[in-house]
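Residue numbers count from 1 along this sequence. Heavy-atom basis, side chains included; hydrogens, waters and symmetry copies ignored.
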Amino acid sequence: IVFSGIAPLAEPAFAGAWTQPASKSQSITTVSREENAFGETWRADDLGEYGMGGGWNFNLKIENETQVFDQTHNRTGFRAGFQKSFALGDRSSFSVIASYLGGESLDGPDCDSEGVETRAAIGASYPVLGREAFVNVEAGFKSRGETCQHEVYEITAGIDVAPRLSLIAKAWSEDGEFGQSTKAETTLLYDWDDTLAIGMGWREEVSGDFEEQGWVVSAWRRF
């Protein structure tokens, strides 16, 4: 997503404002089924991160949207870019991300297929009542031509609730010429082992401009 996302809290905090260690990588695959005023929509996202060392990351996200009610609007797009992080003490980080947007736009039929996106993120992890917790805040701007430009805002927070079990809450908003959308998502994440975590959650549109809600399943893999 978020999307970018946040790794299980039992491990060092990755993604968001953090980058992967050199030669290490992480993949976050998310599948969601959502219902809205037009019917049923399936979405699949695959975010990959590769640590290049020196606080640098290469990021690739592939997105697919399948609308059961109208197959002509099915789309697949991608985002590829680089991220540079700067440590702010032992448990905080600031980073900047620049990405190229390609493939088909999921932002709507009036948006161009190609574009650019820039983001800035700041995150911190800390103990709360003896449990590990984190918060990550991002702001960005993406443009697919002069007629399709969006401001992007995102906040994610999480806490260990039991051994190998974490609760993550996320909210993000996009505001542009064709409307505004704000979604909230809550995920319960189980850290299966040192390389795999499985999550299940609920996502819902909360802007009031339209209705959309559904289940989300995710798999977090570390290499």
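- Counting only heavy atoms from C-beta outward, the side chains of Leu167 and Thr186 approach each other to under 4.5 Å.
- At a cut-off of 3.5 Å, with distance as the only test, no side-chain donor of Arg119 or Ser99 sits close to an acceptor on the other residue.
- If you chain together hydrophobic residues whose side chains sit under 4.5 Å apart, Phe141 and Tyr100 never meet in one group.
- Side-chain atoms of Glu65 and Thr41 form no donor-acceptor pair, as typed in the model, at a separation below 3.5 Å.
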Pair Ser85-Gln83, side chain to side chain donor-acceptor pair (under 3.5 Å): steps then yes or no: CA-CA 7 Å; Ser85 67; Gln83 176 178 1; over 6 Å; no
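- Atom OG of Ser125 sits about 12.0 Å away from atom CD1 of Ile159, to the nearest 0.5 Å.
- Counting heavy atoms from C-beta outward, Arg222 and Ser25 have side chains that stay 4.5 Å or more apart.
- Counting only heavy atoms from C-beta outward, the side chains of Thr156 and Glu154 approach each other to under 4.5 Å.
- In this structure the side chain of Thr19 never reaches within 4.5 angstrom of the side chain of Met52, judged on heavy atoms.
- The backbone N or O of Thr76 lies less than 3.5 Å from a partner atom in the side chain of Glu104, making a donor-acceptor pair.
- Evaluation of the ring pair (Phe, Tyr, Trp, His ring centres under 6.0 Å) rule for Tyr190 yields Trp192 as partners, not counting sequence neighbours.
- Residues Leu60 and Phe82 are members of one and the same hydrophobic cluster, defined by side-chain heavy-atom contacts under 4.5 angstrom among Ile, Leu, Val, Met, Phe, Trp and Tyr.
- No donor-acceptor distance shorter than 3.5 angstrom exists from the side chain of Gln67 to the backbone of Arg75, with no hydrogens or angles considered.
- Remark: Trp215 pairs with Trp202 by the ring pair (Phe, Tyr, Trp, His ring centres under 6.0 Å) rule, at least two apart or across chains.
- Counting only heavy atoms from C-beta outward, the side chains of Ile28 and Thr30 approach each other to under 4.5 Å.
- Separating the OH atom in Tyr153 from the CD atom in Glu174 is a distance of 11.0 Å, to the nearest 0.5 Å.
- Here the shortest heavy-atom pairing between Phe78 and Gly103 reads CE2-N, 3.5 Å.
- Arg164 places a side-chain N or O within donor-acceptor distance of the main-chain N or O of Asp191, the cut-off being under 3.5 Å.
- Taking CZ of Arg144 as the start and NE2 of His150 as the end, the distance is 9.5 Å to the nearest 0.5 Å.
- Under the 4.0 Å criterion applied to side-chain N and carboxylate O atoms, Arg79 and Asp45 are not assigned as salt-bridge partners.
- Counting only heavy atoms from C-beta outward, the side chains of Ser166 and Asp160 approach each other to under 4.5 Å.
- In this structure, a donor-acceptor pair under 3.5 Å is present between the side chains of Thr29 and Asp46.
- A salt bridge (Lys or Arg N to Asp or Glu O under 4.0 Å) with Glu212 holds for exactly one of Arg43, Arg203, Arg33; it is Arg43.
- Here the CD-CZ distance, from Gln26 to Phe223, works out to 9.5 Å after rounding to the nearest 0.5 Å.
- Residue Leu101 is found outside any hydrophobic cluster, as its side-chain heavy atoms come under 4.5 Å of no other Ile, Leu, Val, Met, Phe, Trp or Tyr.
- Scanning all heavy atoms of the two residues, the minimum distance from Asn136 to Ala121 falls at OD1-CB, 4.4 Å.
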Candidate pair Trp172 and Glu185, rule side chain to side chain contact (heavy atoms under 4.5 Å, CB included), full reasoning: CA-CA 9 Å; Trp172 67 100; Glu185 180 179 309; 3.5 Å; yes
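- In this structure, NZ in Lys24 is found 14.5 Å from CD in Glu49, a value given to the nearest 0.5 Å.
- Under the 3.5 Å distance criterion, with hydrogens and angles disregarded, a donor-acceptor pair is assigned to the side chains of Thr66 and Asn64.
- The closest donor-acceptor contact from the side chain of Asn57 to the backbone of Gln20 lies under 3.5 Å.
- Taking both residues in full, the closest heavy atoms of Gly145 and Ser143 are given as O-OG, 3.4 Å, listed atom of the first, atom of the second, then distance.
- Side-chain contact of Trp42 with Glu40: a donor-acceptor pair under 3.5 Å is present, judged by distance alone.
- Annotation for Thr182 and Ser173: closest pair OG1-OG, 3.1 Å, computed over non-hydrogen atoms.
- Of all the heavy atoms in Val216 and Ser32, the pair that sits closest is CG2-CB, 3.9 Å.
- Looking at Ser105 and Lys142, their side chains never come closer than 4.5 Å, going by heavy atoms from C-beta outward.
- Summarising the geometry of Gly77 relative to Leu106, their closest heavy-atom pair is N-CD1, 3.9 Å, with the distance given to 0.1 Å.
- Placement of Ile198 and Leu188 within a single hydrophobic cluster is found when ILVMFWY residues are connected by side-chain heavy-atom separations under 4.5 Å, directly or transitively.
- Residue Ile168 is grouped with residue Leu47 when hydrophobic side chains (ILVMFWY) are merged at heavy-atom distances under 4.5 angstrom, including chains of intermediate members.
- The side-chain heavy atoms of Glu205 and Glu211, taken from C-beta on, include no pair separated by under 4.5 Å.
- Side-chain heavy atoms closer than 4.5 Å link hydrophobic residues (I, L, V, M, F, W, Y) into clusters, and following such links, possibly through other members, connects Val135 to Val161.
- With values rounded to the nearest 0.5 angstrom, Tyr50 atom OH is found 11.5 Å from Phe58 atom CZ.
- When atom types are taken as modelled, the side chain of Lys84 and the backbone of Gly54 share a donor-acceptor pair closer than 3.5 angstrom.
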